[in-house]
Amino acid sequence: MTIPTVYLVGAGPGHPGLLTLRAVECLREADLVLYDKLVAPVLLEYAPASAEKRCVTELAEHHDDRVLPIHDSMIAAARAGKCVVRLKGGDPLVFGRGAEEAEVLRQAGIPFEIVPGVTAALGAAAYAGISLTHRACASAVAFVTGHENPTKPESAVDWKALARFPGTLVIYMGMSRLDRIVATLVAEGMDSQTPAAIVQYATLGTQRTLTASLGDLPRRARAEGVSAPAVIFIGPVVALRDELAWFERRPLFGKRVLVTRPKQQAGEMVHRLAEMGAVPFVLPSVEIRPLSDWTAVDNAIRTLPQYDWLVFTSANGVNAFLGRLEALGLDMRALGNTRLAAIGPKTAEALTAYHLRPDVVPARFQSEDLAAALIAYIQPGKRVLLARADRGREILKELLEAHCLVEQLAVYSQVDAVEPDSELMDALRRGEIEFVTLTSSNIARALLGRLDATCRRRIEAGEIKLVTISPVTSEAVRALALPVAAEATEATTAGVVEAMVRLVRE
Ligand code: SAH
C-alpha cells in the first residue's frame, strides 16, 4: 500500500474567506483533520462529514516535543491509509512548527505537502490598513517572535539589531512580554516616538486596533485591555493607517448580532453580517423537520393536474414539496400546466433551482401582498394548493377563499428550538450581544417567550435591540410587550441587515 500524503495546511488568520483554494482541495479529501485552537470552526465544514476532526493544541502544550501526540496521530493515521490534514493557524512555516512536523514525517518515510496560509502579520496589516513596506518609509519587514524573554542574554532574537532595523517590525506572541520588549528596543536606541500598533483578533469582527507611540504602547494596551492573540507593528508605516483602514469603517464593525433562523438557513444572513463587519452568532429559534406522515402530500402530488395553482410561501416549502415529488420517483413534468406562485425572491430562487419559474411573485413579500397579486391573476373558481409549514398564519387562505377553491397542505414541520440554558442565552443575559434579528413571527415568539427578566430589562432599556423582518413580526414582538428597535423596509434578510445599518447610522 502506498502511504497517502499528509498535508500541512495554513488556515489563515481567522476570517474564513482567507483560506487558499489548495487548502479547500486538501480538506475535501481528508479522513482526519488535526487542527489548532485558533482555526475558525467553519473551515472544518470543508472536510467530509465523515472525517474525524480533532483539536490538538491543548494536547501539544503538555507534552515533550519528541513524543508529541500530534506527530504520533499523523503518522499512525497516514500509515493506516488515511488522508491526514494538519490544519494550522496562519502559515505553517511562520512560528507554526510546521518544519518540525514535516521533519518527523520525512523521518517516518511519509510523503507530505506544505500548503501556505495568510500569516497573522499579513492578515492584520491588510485589515488594519498598515502597509508593511512603503516606498517612502519602509524598504524591509521583519517577523519577530516575542515569546522569548528579551532581557535574557541567551535570547535568540537580536534586539540590538532590530532596534536599528530599517523598516517595519511585526512581533508575534509578544503581548505577555510587551513591557520588556519595548524597554529593550528603546534601550538599544530605537526612538520611543516611533509609531506602533497592536492588532488583536485580526481579520475578525472582533478585531481591535490600538495605535500609540512605541514608548506609550504598553501603558495603553493595559488601559484598554488589548491582549493576545495579537500582533505588534512598529515603524513609520503605522502613521499612514488612517488613510488605509477600511475594515474598521464597515457599517456594523464589531457589532455582535444574534441570528435566530433555522440552522440550514442562517448561512446567508451570517455572510451578509460578516460582510458588514459584524460578529454573527447563530441561535436557531425554530427548527425545520420533515413530516412524519406524508400521506396527504403524496395524495396531492399524485393528483397534481387537478390544481390550477400551486402556491409556495417559503423556500422550505418548495424544497419539501418538490423533494418529496422526486423521492416518489417523479420529476417536474408531474406539475403539468399547474401555475406557480412564490411569496418572495428566496422562494422564487428555490423554484429556479428546480428549473421552474414562478408565474407570480408579489412586489412586497407578505401573505396579504401575495393574496392581492394572486387574486388579480386567478380566475374565480379555480383550484389552488397552498404548500406550507404545519403552523403559521391563516390569512392567505382566508383572503383567497372568497375568490377560489383553496386547499392548504402542510409539507414540512416547524418546531420551537430555543435552548434556554445555551451559552448564547447567557451572552444575551450578560449584555454581550447588542442586536437580535427576528425573521418571522414564530421565531419572535419562540425566542422572546423564553427570555428571562434580565434579558427583557435589557431589551426595554435598549441595550439589546430587536430588529424585525416585517410589520407582522413587529406585531408579534409588541404582543409580548417588548419594543422593536428597527424594522426592515423589504421583508428579506438583506432588508433586516439594512435596517440594522440605518439604526447604527442614526
Ligand atoms: N503560524 C501562525 C502564527 C502562530 S504563533 C501564523 O502564521 O500566523 C501565534 C501568534 O500568532 C499569536 O500569539 C499572535 O501573535 C499571532 N496571531 C495569530 N492569529 C492572529 C490574529 N487573528 N490576530 C492577531 N494575531 C494573531
Side-chain angles (χ1 to χ4, degrees), residues 7-20 22-23 34-43 55-58 60-61 65 68 70 85-103 114-130 132 141-150 156-157 162 168-182 196-211 217-218 221 224-234 238 241 245 247-248 253-254 274 277 279:
Y7 299 100
L8 301 173
V9 178
H15 188 300
L18 296 173
L19 192 68
T20 64
R22 182 63 188 145
L34 300 167
Y35 63 95
D36 285 344
K37 199 167 47 183
L38 280 181
V39 166
V42 292
L43 300 185
C55 180
V56 290
T57 314
E58 284 89 0
E61 280 164 3
D65 278 6
L68 273 178
I70 303 178
V85 170
R86 173 73 179 101
L87 192 59
K88 302 164 76 69
D91 180 87
L93 300 182
V94 180
F95 306 126
R97 294 182 163 214
E100 289 162 45
E101 294 180 8
E103 180 60 17
I114 302 175
V115 180
V118 175
T119 189
L122 302 187
Y127 277 66
I130 297 170
L132 289 172
V141 53
F143 296 167
V144 183
T145 172
H147 195 57
E148 295 185 42
N149 187 344
V157 180
L162 290 174
T168 309
L169 295 182
V170 189
I171 302 169
Y172 287 63
M173 297 173 281
M175 290 308 288
S176 60
R177 293 193 166 80
L178 184 58
D179 284 287
R180 274 172 281 174
I181 290 170
V182 168
I198 299 172
V199 184
Q200 182 185 20
Y201 293 123
T203 76
L204 300 170
T206 43
Q207 174 173 311
R208 287 181 70 190
T209 305
L210 162 70
T211 50
L217 200 62
E224 292 175 34
V226 178
S227 58
V231 279
I232 304 156
F233 293 87
I234 304 168
V238 173
R241 183 177 115 79
F247 183 51
E248 292 156 10
F253 176 72
V279 191

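Residues: numbered from 1 along the sequence shown. We count ligands from 1, going down the list as the structure has it; atoms in each ligand are counted the same way.
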Distance to 0.1 Å, residue and atom name: give those for the protein heavy atom nearest to [atom].
atom                    : answer
atom 10 (C) of ligand 1 : Met173 CG, 3.7 Å
atom 5 (S) of ligand 1  : Phe95 O, 3.6 Å
atom 20 (C) of ligand 1 : Ala120 CB, 3.8 Å
atom 11 (O) of ligand 1 : Tyr172 CD2, 3.5 Å
atom 21 (C) of ligand 1 : Ala202 N, 3.6 Å
atom 15 (O) of ligand 1 : Ala230 O, 2.7 Å
atom 7 (O) of ligand 1  : Thr119 OG1, 2.6 Å
atom 22 (N) of ligand 1 : Pro13 O, 2.8 Å

Give a yes/no verdict on whether any heavy atom in [X] is under 4.0 Å from an atom of ligand 1.
X      : value
Ala228 : no
Gly89  : yes
Val199 : yes
Ala124 : no

Less than 4.5 Å apart, any side-chain heavy atom of [X] and any of [Y]?
X      : Y      : value
Thr145 : Val157 : yes
Val199 : Tyr127 : no
Val56  : Asp36  : yes
Thr20  : Pro116 : no
Tyr35  : Val9   : no

Does the Arg241 side chain pair with the main chain of Ala128, one donor and one acceptor, at a distance under 3.5 Å?
->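 A pair under 3.5 Å: yes.
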Is there a donor-acceptor pair closer than 3.5 Å between any side-chain N or O of Gln200 and the backbone N or O of Ala230?
->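 Pair absent, no side-chain N/O of Gln200 close to backbone of Ala230.
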Should one rank Leu18, Ile232, Thr206, Val94 by closest heavy-atom distance to atom 3 (C) of ligand 1, which comes out on top?
->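 When every heavy atom of Leu18, Ile232, Thr206, Val94 is considered, Val94 comes closest to atom 3 (C) of ligand 1.
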Which of the numbered atoms in ligand 1 are below 4.0 angstrom from a heavy atom of Tyr201?
->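 Going through ligand 1 atom by atom, the ones under 4.0 Å from Tyr201 are 22 (N), 23 (N).
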At a 4.0 Å threshold, what atoms of ligand 1 neighbour a non-hydrogen atom of Pro229?
->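 The list of qualifying atoms is 23 (N), 24 (C), 25 (N).
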Please confirm whether Asp91 comes within less than 3.5 Å of ligand 1 when only nitrogen or oxygen atoms on both sides are compared.
->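 Yes.
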Please name all residues satisfying side-chain hydrogen bond (donor to acceptor under 3.5 Å, both in side chains) with Glu148, sequence neighbours left out, ordered by chain then number.
->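 So Glu148 forms no side-chain hydrogen bond (donor to acceptor under 3.5 Å, both in side chains) with any residue.
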Is there a side chain to side chain contact (heavy atoms under 4.5 Å, CB included) between Leu122 and Asp91 once you walk through the steps?
-> CA-CA 10 Å; Leu122 302 187; Asp91 180 87; over 6 Å; no
Would one find more than 12 heavy atoms of other residues, nucleotides or ligands at under 6.0 Å from atom CZ of Phe95?
->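 Yes.
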